[in-house]
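Structure, as structure tokens:
From a predicted model like this one, the values you see are computed outputs, not experimental measurements. So you know, we letter chains A, B, ... as the sequences are listed, proteins then strands, and number each from 1.
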Number of protein chains: 2
Amino acid sequence: MLAAMTDRDGRLAIGELAARSGLAPSALRYYEEMGLIHSERTTGNQRRYPRTALRRVAFVRAAQVVGLSLEEARAALDRLPVDRAPGAAEWNAVARTWQRRIDARIGELERLRERLTGCIGCGCLSLRKCGLYNPGDVAGSQGPGARYLEGDPLPEA
Amino acid sequence: MLAAMTDRDGRLAIGELAARSGLAPSALRYYEEMGLIHSERTTGNQRRYPRTALRRVAFVRAAQVVGLSLEEARAALDRLPVDRAPGAAEWNAVARTWQRRIDARIGELERLRERLTGCIGCGCLSLRKCGLYNPGDVAGSQGPGARYLEGDPLPEA
DNA sequence: GCTTGACCTCAAGCCGACTTGAGATTGCAG
DNA sequence: CTGCAATCTCAAGTCGGCTTGAGGTCAAGC
């Protein structure tokens, strides 16, 4: 094996894309099923990914860090060119959306930390004094867990 | 109904606790099953929660915002007194752990935002230039999704 | 040409944090 | 005392993001 599983057109077999992206082949098949990446097939029905798939996968991972679901990542990807690097304008639109999410989440965390700091030493955890127990103020009161940056409509109130 | 479903000892029926905590009764039963809160039973087998349950539930919600799983929240709760407000020392230990997590996550997000800012206008998304595509640098490369603050061992490297 | 590892499809399983539904019981207001 | 909302238990379902397994095919190095 010379250039691993990369053919002369530079197209990647799934194992190669897996190795380069750090994802399992099963995950890549899943991403493809979700429409995040696309492949052509060999005569023998094996996937061959264009090199842009590498970029798209990286994009998806970054999106996940920002807190996007795969569905949201797909929506964002759909607005970027499939087979070439995005232009500045295209990229800016996406990047700005991400920045807003990041900023929002950072702000949320900072407020929580502040409340926490106020608590340290107060020995409180009494329902009336402690900001932590101020319901409706606790970010994400709509539902817990994985919804950190998911851009659920920030509570109007 | 005067004081809703709160009996004279101040103990709360599940519906009352649900209303006051903002959680569904099913969630509270689940929390109880997980050992996060505890109840006594009436002769008719209905749950009656001590008022401290309110505090414990609030604690759990806050923990979730910080990114803890219910299991981790339980571990933290187990180190706090079950039936009285925690003392300053007890609380400090927990709060400091949380703050570390929050700081770590904020740092992560800030680094991501910085990379993103560097990208805006560069129109890159080329694999070599763009920091976003620097694999192993993208926080959470170990696995995506809901693992934001989960305190998975931050990559040593 | 053969062997072996990479690949294929499809269905099912897993995790966390709950929700939903069925069917039975309880408990408070009138 | 009655009626009806609230509660009970237990099993199963949901969602996102994958992984695992079974059973079968493909392709490359010797």
Rounding to 0.5 Å, atoms CD1 (B/Ile14) and CZ (B/Arg47) come to a distance of 5.0 Å
Separation of C/dT26 atom P from B/Arg41 atom CZ, nearest Å, is 13 Å
note: A/Arg48, atom CZ; D/dA28, atom P; distance rounded to Å ~ 8 Å
From CD of B/Glu16 across to P of D/dA6 the rounded distance in Å is 12 Å
Rounding to 0.5 Å, atoms CZ (A/Arg113) and CZ (B/Arg101) come to a distance of 15.5 Å
| task | Check whether any side-chain N or O of B/Tyr31 sits under 4.0 Å from OP1 or OP2 of C/dA17, and answer yes or no. | result | no
Partner of A/Tyr49 under side-chain hydrogen bond (donor to acceptor under 3.5 Å, both in side chains), picked from A/Glu16, A/Arg56, A/Glu32, is A/Glu32
Within the side chain of B/Ser69, is there an N or O that forms a donor-acceptor pair under 3.5 Å with the backbone of B/Glu72? yes
Per atom distances to the A/Ala13 side chain, the nearest of C/dC7, D/dT7, C/dC18 is C/dC7
Whole-Å distance, A/Glu71 CD to D/dC15 C1', equals 13 Å
Taken to the nearest whole Å, CG/B/Asn45 to P/D/dC8 is 8 Å
Whole-Å distance, A/Leu36 CG to D/dG16 C1', equals 13 Å
_With a 4.0 Å limit, can you tell me whether B/Thr43 has a side-chain N or O closer than that to the phosphate oxygens OP1/OP2 of C/dT26?_
no
Does B/Arg47 place a side-chain N or O at less than 4.0 Å from the phosphate oxygens OP1/OP2 of D/dT7? no
Closest to the 5' end of DNA chain D, once A/Thr42 and A/Ala24 are matched to their nearest nucleotides, is A/Ala24
Taken to the nearest whole Å, CD1/B/Ile14 to P/C/dC18 is 13 Å
The answer to which of A/Gly44 and B/Gly44 contacts DNA chain D further toward the 5' end, by nearest nucleotide, is B/Gly44
B/Leu17 atom CG is separated from D/dA6 atom P, nearest whole Å, by 16 Å
*asked:* Does C/dT9 have OP1 or OP2 under 4.0 Å away from a side-chain N or O of A/Gln46?
replied: no
Of A/Pro25 and B/Leu23, the one whose closest nucleotide on DNA chain C sits nearer the 5' end is A/Pro25
Taken to the nearest 0.5 Å, the spacing of B/Gln99 CD from A/Glu114 CD works out to 10.5 Å
Assign each of B/Arg29 and B/Leu70 the nucleotide of DNA chain C bearing its closest heavy atom; nearer the 5' end lies the nucleotide of B/Leu70
| Quick one: is A/Ser26 getting a side-chain N or O under 4.0 Å of the D/dT20 phosphate, OP1 or OP2? | no
